[in-house]
Amino acid sequence: MQNKLHLSTERVAYARRLAEKIAAPVARFIDGHSSVTVERATLRLAGADGANSDGVPVPNLVVDQVRAADPSYLEDGVLLRYVNALVKSGGTVAELNAKIAAGLDVTSFPLGDRAIVERKAAELVDRAAERIRDKRARREAMRSEWEGANNDPLLYLIVATGNIYEDVKQATAAAEQGADVIAVIRTTAQSLLDYVPYGATTEGFGGTYATQENFRIMRAALDEVAERQKRYILLTNYASGLCMPEIAAMGALERLDMMLNDSMYGILFRDINMYRTFVDQKFSRMINASAGIIINTGEDNYLTTSDAWEKAYTVLASQLLNERFGFQAGLPARLLGLGHAYEMDPSIKNGFLFELAQAQMAREIFPEHPLKYMPPTKFMSGDIFKGLAMNTMFNFVSKATGQGIHLLGMLTEAIHTPFMMDRFLAVDNAKYVMNNMAGFADDIEFKEGGIVMTRAREVLDRTIEFLEEVGELGLFDAIERGLFAEVKRPKDGGKGFEGLIKKGPAYWNPFEERLERELGISGAKGGN
Amino acid sequence: MRVVRPYGDTLDDGKVQLSFTLPVPDGAKGREAARKLVLSWGFKDCEVAHSHPLSADFSFYVAYGKTEVPIDYDSVVADEAESDGSMDMDGVNDFIREHIGRKVVIVGACTGFDAHTVGIDAIMNMKGYNHHFGLERYPMVEAYNLGAQVPNEKLIEFAGKVKADAILVSQVVTQKDVHLKNLAELVELLEARGERRNYVLVAGGPRIGNKLAVELGYDVGFGKGSYADHVASFVVRKMVERQRS
């Protein structure tokens, strides 16, 4: 896409440097820490799976056992005790999981020969890496077999019945109607569970539990539709919340293609502790990067919370920070689905031009990133006819500015979870608009000094001022003082703080080391 | 008595617009099924204007029906909190200064597992919604927005701590009637503690009507199209009404 806004490249580069400066001290903190869910994700990659009769997952049991034996053991990394138990008990990973679920305590074995434990762990690391590589290769093969069959931008639809088997029916119909991406929205409040439930689930509120088995069921169903449609159907789930890295690990093992993952969403919108979130997001993104999973960041939330016209700069600021935290975790630009949204008050005169300016600005500042564009929700009402018109305008802006991932707006957004026909009307609208104006982006230029160019420059300028302010305070203090999303979060407040782990001198996590090597990034031991 | 029917383009033509999905393939048989279905609902006439396949096994219909069923408009009683007579922000503040003489403390939250703060934010956040400022902006209101996923116990505890005059509860997610359970539980907990009368209790959300809220033991319910000034007007008037009674 050509550069039409003539934004100053020096100003954009300066904004990026500000984001880099803001993220650097956070990175130093992150590299000195782990968390209970980072440890559990590591165990999952090693093969820990299953749950006991009370439904407590094996990875949680292991972390709890290690903590109970001696809280300082956590500082060594939990994998050590798990692999030691594996070596000592002499069976397979599956056998060990079954024993743990039945009550075996991994800390009941004295630590054995370190070299043997490390050799065994190296095997597990290779096995996980191979599985993730295979999943990635399968995705690439399918995508190249049906290259060009997907819509551009990718049309993204959500299903949310609470029952994975019902989700499969809805998702199948959505894909048959033309969706390229299916997201299974999670049950309300899963983001606040400090564990990932086990097995297939049929009960949920406003969504369906993210479990590894549910991932597998939906993956298989979408692959079937893809074969029929000769079009790859991407599967999305949500890594936000207290289990970011574990859900990333499950997604890597079951070939999810996209994952909601924002560096600050949990802090601001779910009141999760800031240190915990920063630590969790990095490891989760490293796993996403290794698995070739596109992350979707959550900037739309700034606009549903605050005024979209006034606070447009918070979106660009967050995109720049998400990009920087993404780079720190080894995610390349093509896996960074930075978010934004069409959420301005529809009664604003020239609102369409301001939305166009924002979307075009994001496109030009992030040229290789598959931008995730979210539809109007805040000003959707019971007037479904007006809603359909608003979605039409949104569809237009998306195509006119070359967005990558297009979440379809529902005309009944403010009324109920979508009816099957609501999704159809959304796909039909998008296809009509996007075909009808397919060449618009190439044909159009903006007037120097006009509304669009002026607006984009103003937003960039305001973003830079904001990032300078955050840079002076430091990110932790800026969040504590409420600079983001008009919400104040104390540093040691919020959920999950107790699950933060300071890495000890003997901290050992060969999965993390392997990911750092593979992704070419440095961690605590890589020397900062 | 004033008899009315739906108005298409002529008085009393009774024309109604319908759209729905059937779990059958699209085609002549599907369209005929749709037409007969509409007639079976009591419509005197039906035209299936459009049909389209949604998948191999589902189809979508747009249909127009004609009804002869009238309603006596004069006999209708509305199930809505009286928002027509509500005061604006300045009016509410003046009312508080004049009749209450101190700041009114209002605590709001989305309770249970509901994570959707859009409703409570629209009422409470400084910015408000659709050019109606939120309660945080009211000089004579001390507003506390506890956000989402607040357990009922915690809400009550907090309301007691700040000596709240009113508690606002927002429920957006209504799947499997989870909102009813959450709303009823709060009333039960307050009654068990003998604290129900300490508060003006307000329920809100897109699927919450005044009638439902009152049935559950709330003083009022606010649905779609309600703003902070409606809520504030009700709360302060109710407080004064209770002082007098």
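Within every chain, numbering begins at 1; the chains are lettered A, B, ... in the order of the sequence lines, protein sequences first and strands thereafter.
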Given a strict heavy-atom distance threshold of 4.5 Å, which part of [X] is in contact with chain B: side chain, backbone, both, or neither?
X        : result
A:Ile415 : both
A:Ser347 : side chain
A:Phe269 : neither

note = Interface check, chain B: of A:Met420, A:Arg423, A:Arg270, A:Glu176, most non-hydrogen pairs under 4.5 Å belong to A:Met420
key: Largest heavy-atom contact set with chain B, pairs under 4.5 Å, which of A:Thr187, A:Asp345, A:Leu192   = A:Leu192
key: Value rounded to 0.5 Å, distance of CD in A:Gln177 from CZ in B:Phe58   = 10.0 Å
Pairwise distance NE2(B:His52) to CE(A:Met421) - rounded to 0.5 angstrom = 14.5 Å
inquiry  = Suppose a student defines contact as a heavy atom less than 4.5 Å from any heavy atom of chain A. Which residues in residues 16-37 of chain B would they list?
reply    = B:Gln17, B:Ser19, B:Phe20, B:Thr21
inquiry  = At under 4.5 Å between heavy atoms, what parts of residues 139-154 of chain B are in contact with chain A? List them by residue number.
reply    = B:Gln149
request  = Determine the minimum heavy-atom distance between A:Ala414 and B:Pro206, stating which atoms define it.
outcome  = O-CB, 4.4 Å
message = Atom CZ of residue position B:Phe158 - does it have more than 12 heavy atoms of other residues, nucleotides or ligands inside 6.0 Å?
response = yes
key: Exceeds 12 heavy-atom contacts within 6.0 angstrom, atom OH of A:Tyr209   = no
